[in-house]
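Scroll down for the structure; my scribbles are underneath it.
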Amino acid sequence: MTALADPDTALAAFAGERARLRALAYRLLGSVAEAEDALQDAWLRWSAVAPGSVGSAPAFLTTLVTRLALDRLRSARVARERYYGLWLPEPEVADWDDGSEDGAESESVPMAMLLLLERLAPDQRAVFVLREAMDLDYAEIAAMLGKSVEACRQIMRRARARMAEPSAAMADPDAGRRLAAAFAEASVRRDYAAIVALLSDDAQWLSDGGGMVRTAVKPLFGADRIARFLIGVQRKRAVSFRFVPVRVNGGPGLLAELGGSFRSVLAFDIADGRILRVYQVANPQKLERVAGL
């Protein structure tokens, strides 16, 4: 039994699980802010648990965070269906040198995976994340969700079928960083040929402004169109981009400034040495935790 004899013991137990619980909540919600709120709610409930009443702190906390995140996810799905333009996950942004030695990078989840998870119904997403990311067996998942083992297996089969689309593999960190830096340099120079050379022929540009800032509301397809868009924005506004290299969801990324003001976060999917997909998160509400970098 895990005895919670005093507040310090409860705090230590929660602190020891916090990183894992945060990764779970972020995978379920696709939002850093909502994941942190779910953890805060979990802590409040955990601190009120009667001493000696919990058999396994990790299992109890995993169940608690999963259920709290599912409640938030069900509410969020309605809002996301009414979202203006394309909805992208809130990015996890870090300096390039942060977390590279403590396993944080291996805990990151690429933007492409988070978008695939958006295809799943809440229960499907929970089963998929608990099985694939948290490495729990079906009996554990069934107990957490209040379902039978066979029901969880069926949910997982349906989830895998909906997640069948192949996604870009995580690029080698150094190679990805060099490619992002080259893309930034070519964009600042407004070098059409250089931008096109860095992009896959079927590259995509996906923007999320949330209706609050001007972005490309619909996806842009093709290297030519993306290059013309980047150059056109600078010419039309008579200002230039400035980029700061960062790590976004464990992969290569950039903080983008336009005319001296921070505007967006860019994340990249890379395949065969070229940029396959660019994610631009420009909704200010999703960048509040980024501005301090």
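Numbering of residues begins at 1 and proceeds along the displayed sequence. Note that these values count all heavy atoms, side chains included, but never hydrogens, waters or copies made by symmetry.
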With no hydrogens and no angle check, is any side-chain donor or acceptor of [X] less than 3.5 Å from a backbone partner on [Y]?
X: Asn249; Y: Val109; value: yes
X: Arg235; Y: Leu230; value: no
X: Lys286; Y: Leu88; value: yes
X: Glu288; Y: Pro284; value: no
X: Gln124; Y: Ala121; value: yes
X: Trp205; Y: Ile226; value: no
X: Glu90; Y: Val32; value: yes
X: Arg125; Y: Arg27; value: yes
X: Ser148; Y: Ala151; value: yes
X: Arg162; Y: Leu120; value: no

Spacing of [X] atom [atom1] and [Y] atom [atom2] [to the nearest 0.5 Å]:
X: Arg18; Y: Leu11; atom1: CZ; atom2: CG; answer: 11.0 Å
X: Tyr138; Y: Ile155; atom1: OH; atom2: CD1; answer: 10.0 Å
X: Gln280; Y: Ser264; atom1: CD; atom2: OG; answer: 4.0 Å
X: Leu28; Y: Asp71; atom1: CG; atom2: CG; answer: 11.5 Å
X: Thr62; Y: Arg20; atom1: OG1; atom2: CZ; answer: 3.5 Å

task: Determine whether the aromatic ring centres of Tyr279 and Phe268 lie less than 6.0 Å apart.
output: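 No, the ring of Tyr279 stays outside the 6.0 Å limit from the ring of Phe268, centre to centre.
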field: Validation row, ring centre Phe60 to ring centre Trp46 under 6.0 Å
entry: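 Here the rings of Trp46 and Phe60 have centres that are less than 6.0 Å from each other.
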- request: Go through the steps for Arg228 and Asp224 under the test salt bridge (Lys or Arg N to Asp or Glu O under 4.0 Å), then give the verdict.
  value: CA-CA 6 Å; Arg228 293 182 184 279; Asp224 170 77; 2.9 Å; yes
- prompt: Does any non-hydrogen side-chain atom of Met134 lie less than 4.5 Å from one of Thr66?
  reply: no
- prompt: If you measure only the distance, is there a donor-acceptor pair under 3.5 Å linking the side chains of Tyr84 and Asn283?
  reply: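 On atom types as modelled, these side chains do not qualify, holding no pair under 3.5 Å.
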- request: Return yes if a side-chain donor-acceptor contact under 3.5 Å exists between Ser31 and Arg72, otherwise no.
  value: no
Smallest separation among heavy atoms of Val265 and Phe262, with atom names: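 Heavy atoms of Val265 and Phe262 come nearest at CG2-CZ, 4.1 Å.
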query: Nearest heavy-atom pair of Leu115 and Pro89: which atoms, and what distance?
result: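 So the two residues come closest at CD2-CD, 3.9 Å.
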message: Quick one, Glu257 with Arg263, criterion salt bridge (Lys or Arg N to Asp or Glu O under 4.0 Å). Give me CA distance, side-chain angles, the key distance, then yes/no.
response: CA-CA 5 Å; Glu257 297 180 1; Arg263 296 299 180 92; over 6 Å; no
- request: Check step by step if side chain to side chain contact (heavy atoms under 4.5 Å, CB included) holds for Val278 and Leu220.
  value: CA-CA 10 Å; Val278 183; Leu220 303 178; over 6 Å; no
message: I'd like to know if Arg178 and Glu185 make a salt bridge, using a cut-off of under 4.0 Å between side-chain N and carboxylate O.
response: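 Salt bridge between Arg178 and Glu185, a charged N being under 4.0 Å from a carboxylate O: no.
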field: Salt bridge present between Glu92 and Arg247 (N-O < 4.0 angstrom)
entry: no
message: Between Arg237 and Leu258, is the side chain to side chain contact (heavy atoms under 4.5 Å, CB included) condition met? List the steps.
response: CA-CA 9 Å; Arg237 302 190 186 183; Leu258 187 63; 3.5 Å; yes
- prompt: Going through the checks in order, is the salt bridge (Lys or Arg N to Asp or Glu O under 4.0 Å) test met by Arg289 and Glu34?
  reply: CA-CA 12 Å; Arg289 297 170 184 267; Glu34 290 179 3; over 6 Å; no
task: Could you check Asp123 against Arg74 for salt bridge (Lys or Arg N to Asp or Glu O under 4.0 Å), going step by step and ending with a plain yes or no?
output: CA-CA 9 Å; Asp123 284 349; Arg74 292 184 179 108; 2.9 Å; yes
task: Report the residue from Glu140, Met156, Arg153 that forms a side-chain contact (heavy atoms from CB on, under 4.5 Å) with Arg131.
output: Met156
field: side chain to side chain contact (heavy atoms under 4.5 Å, CB included) between Val248 and Leu266, worked out
entry: CA-CA 8 Å; Val248 181; Leu266 303 184; over 6 Å; no
field: Stepwise side chain to side chain contact (heavy atoms under 4.5 Å, CB included) check, Leu255 with Phe243
entry: CA-CA 5 Å; Leu255 302 184; Phe243 297 101; over 6 Å; no
